[in-house]
There are 2 protein chains.
Amino acid sequence: MRILFLNILIRVNHFAKEFVKRDIGTVKMSSKKTSITVADVARAAKVSKATAARVLGGYGVASEKTRNAVTEAAEKLGYRSNELARSMSTGRTGLIGVVVGDIENAFFSRAVRGISDAANAAGLNLIITNSNEDLEQEREMVAVLMRQRVAGMIVAPTDVRDTVHLEAAISSGTPVVTFDRVADHLVADSVCGDDAAAADQVMRHLHDLGHQNVAYVTAAGFQGGRLSDLDEIGITAVRNRIAAFLTASERAGIEDPMGLVFQNVIGEESAQDIVAAILAHEPAITAVLASDSLIGASLYKAFKERGVRFPSDLSFVSWFDADWTKVTAPQISVVDQPTYEFGQKAMQCLIGRINGDSSKIEHILIPTPMIARGSIGPRETCGD
Amino acid sequence: MRILFLNILIRVNHFAKEFVKRDIGTVKMSSKKTSITVADVARAAKVSKATAARVLGGYGVASEKTRNAVTEAAEKLGYRSNELARSMSTGRTGLIGVVVGDIENAFFSRAVRGISDAANAAGLNLIITNSNEDLEQEREMVAVLMRQRVAGMIVAPTDVRDTVHLEAAISSGTPVVTFDRVADHLVADSVCGDDAAAADQVMRHLHDLGHQNVAYVTAAGFQGGRLSDLDEIGITAVRNRIAAFLTASERAGIEDPMGLVFQNVIGEESAQDIVAAILAHEPAITAVLASDSLIGASLYKAFKERGVRFPSDLSFVSWFDADWTKVTAPQISVVDQPTYEFGQKAMQCLIGRINGDSSKIEHILIPTPMIARGSIGPRETCGD
DNA sequence: TCAGTTATTGAGACCGGTCTCAATGCGTAT
DNA sequence: ATACGCATTGAGACCGGTCTCAATAACTGA
């Protein structure tokens, strides 16, 4: 009788426990309805969490029967993997950090498109950040990306003379590839246009057309408002162009080539000032090189406003084949920077590094040929 | 003797196990050297992990003495927080997913800049993806973003007639804001230009100038190569423009307004075909509206190649005030879409939703006024 | 059928942080 | 000195997945 009672009590207790367990399970599932886990799928498929994870994560082995059961349960439950959890476990994220000057600048947005396409093809995704060509902001963005534990970073460094933050990232095991600019001392691959060759080519072309006084216009600002030392320039792309420009100007007999470098052109107001200075220059400047397409567009508009005719009054070349260079009359001659390819190459390098490639650091130079259009003409037609 | 031998064997085995364990521990610490954890900092500061986390995570309370000790240890060790772990715990990431048609299109890159600036100001970062205005790719990108557990998404939907994937995201608790396009049935805020009003304004202006046969050129493709039903258009921005265009054309006495909608202009080749068709149109088409700046640039170039003069032969208006519209001669009249503001507004809406705002869904309409420039002129100067 | 080998599965620890609540410490009043 | 209330701290569970290795199952050959 006593034994029978105890037996009944044990059964009731067992039933109550099963009831509570089921109830808790129901509540849990209800509140977590929006996020099904591997454990949920495993329960539904009547396998262990580890087995379900193997199937859903696509690693290890599982029998076909098990695989089907898990797959079906996952579909039925609407399982969606959690990359955060996966990344925590594996120590690897599928995220790539990108630091550009300004995503709105077509030069960078096209490069980002190239990076993005190559990344997506490799199952990776981009976190895009803007440095605004400001070192402090670049540092902050790199820190943000490091906290996100990006698998690697592609950076257009604002100033190659101060890359401590990039060195720290690299030391932490995060591979870095720079694009458009190269820091020689950094243990990072780089992908850049051949700026020196391009500047040289443009200058030769202009000299062949009889030009001697050629101006170079840049956004970079110099101490005392005038270039006196190339080391002032933290963006290697710009430095290389100007170095080649100076060499070529000397070759053409210019005694003070640095005096032909016009600085600090950021936006249309400063372009107006520079255009006034160029038009007032003695001896007359008969050709202008714009360091990038933003500057190019501002200068072009300012010159047109003053009634300058291309190429009869002034020959004009801009870096980067932006959309606007092809609707002007005449069309603008450009240094064609294939930034989509820059981006693709940079991403390919980075994927190699992420996958453990420890071969020698590469500095990839991509040709950036001049496209001569109607904005360049012989000096004799340039009025004197 | 046998017992002695077994005893020695057991001791050797034990020693070997301890040796291997020590060796593994050393290797492990060495490989983890680059990632200092809260536990490491806690150890160095002689507090518990929970306390160190409180200080480093900036939540809870800690004495000043403790705070200083932890902060100092963290600096000395070079602690860098792990957002993955934090997000796992908190159930919240600081990532925002963005799906645009093509980051390279200035319309989107400027919007993304607006989104990015607003996000960064709120301590958030963007994962940018491209849909290429393809529904399948959009679905895939949304899935990728959901797997990353983004805190919310800003999407320019490719087709508002099929938004199951967005509905699923919203049901999962991930707020969505659409921009440029609106899906009425979606429980999502939207930020768009007032396309109907803009089209109406442009048409009124053209009619006031005497134009009657005005063409609208779009990238959208229609069944049978001709627009017959507005519901064919999955992008609401385009649909609204065309609807207003048709209404205004009818008002101006056009009997078959749909015949003035030219479709499927993607790239410069198709632009050539469309330009030929427009120039051959009877009665003569005296004004053209380009649905976006990519189409606009292609059309402009094709017309110029055929010697068309603006505005004497043809008046021309393009949606979006792209850079190229301001260097043509004459400058192009545009519908100014302030996409930077679109992006900012969208991000603000999304931040509200992420923070728990459950107020009524908002559809924000931003004015997109016409900027009349030299490409528009009276019909009488347009040759007949 | 039994033994040996290979394939599959499950238990439990772990990633690096957050969160909860009980334990401990500190300050104040009697 | 003792009691009470408040502030601070620590222990341990947990987030959702991966990884390791022992246990179990399945297969094959004698």
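Below, chains carry the letters A, B, ... as their sequence lines are ordered, and counting in each starts from 1. Heavy atoms only: backbone and side chains are in, while hydrogens, waters and symmetry mates are out.
At a threshold of 4.0 Å, the pair Glu64(A)-Arg67(A) does not count as salt-bridged, since none of the basic side-chain nitrogens sits closer than that to a carboxylate oxygen. By the 4.0 Å N-to-carboxylate-O rule, Arg181(A) lies too far from Asp159(A) to be salt-bridged with it.
When rounded to the nearest whole Å, the span between CZ of Arg149(A) and P of dG16(C) equals 8 Å. Distance CZ (Arg147(A)) to C1' (dG17(C)): 15 Å, rounded to an integer number of Å. The distance between atom CG of Leu84(A) and atom C1' of dT18(D), rounded to the nearest whole Å, is 15 Å. In this structure, the CG atom of Asp40(B) is 10 Å from the P atom of dC15(C), given to the nearest Å. If you take CD1 of Ile36(B) and P of dG17(C), they are 10 Å apart, rounded to a whole angstrom. In this entry the distance linking CZ of Arg80(A) with P of dG16(D) reads 14 Å, nearest Å. Taking atom CE of Met88(A) as the reference point, atom C1' of dC14(C) lies 9 Å away to the nearest angstrom. Note: CZ (Arg43(A)) to P (dG10(C)) measures 14 Å, nearest angstrom.
Within 3.5 Å, no donor on the side chain of Thr37(B) pairs with an acceptor on the base of dG16(C), nor the reverse. One N or O donor and one acceptor, one from the side chain of Arg54(B) and one from the base of dG10(D), sit under 3.5 Å apart. For Lys49(B) against dG16(C), a side-chain-to-base donor-acceptor contact under 3.5 Å is absent. The base of dG17(D) does not come close enough to the side chain of Ser81(A) for any donor and acceptor atom to sit less than 3.5 Å apart.
A sub-4.0 Å separation between OP1 or OP2 of dT9(D) and a side-chain N or O of Thr66(B) is present. For dC19(D), neither phosphate oxygen OP1 nor OP2 lies less than 4.0 angstrom from any side-chain nitrogen or oxygen of Tyr59(A). Between Ser89(A) and dC15(C) there is no side-chain N or O to OP1 or OP2 distance below 4.0 Å. Within the structure, a side-chain polar atom (N or O) of Thr51(A) is placed less than 4.0 Å from OP1 or OP2 of dG10(C). A sub-4.0 Å separation between OP1 or OP2 of dG17(C) and a side-chain N or O of Tyr79(B) is present.
Under 3.5 Å, the side chains of Glu83(B) and Ser87(B) contain no donor-acceptor pair of N or O atoms. Between the side chains of Ser116(A) and Asn130(B), at least one donor N or O lies within less than 3.5 Å of an accepting N or O. Side-chain N/O atoms of Asp40(B) and Thr37(B) include a donor and acceptor closer than 3.5 Å.
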- Are Arg54(B) and Thr66(B) close enough, and set up right, to give a side-chain contact (heavy atoms from CB on, under 4.5 Å), and what steps lead you there? CA-CA 10 Å; Arg54(B) 266 189 281 265; Thr66(B) 301; over 6 Å; no

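The residue among Ala85(B) and Ser63(B) whose nearest nucleotide of DNA chain D lies closer to the 5′ end is Ser63(B). Comparing Gly57(A) and Val61(B), the nucleotide of DNA chain D nearest to each residue sits closer to the 5' end for Val61(B).
When the nucleotides dG17(D), dT18(C), dT9(C) are ranked by their closest atom to the side chain of Thr90(B), dT18(C) comes out on top. Nearest to the side-chain atoms of Asn82(B) among the listed nucleotides dT8(C), dT18(C), dG16(C) stands dG16(C). Across dA11(C), dT18(C), dG16(C), the shortest atom-to-atom separation from the side chain of Ala53(B) is found for dT18(C).
Here Ala39(A) lies out of heavy-atom contact (under 4.0 Å) with every strand.
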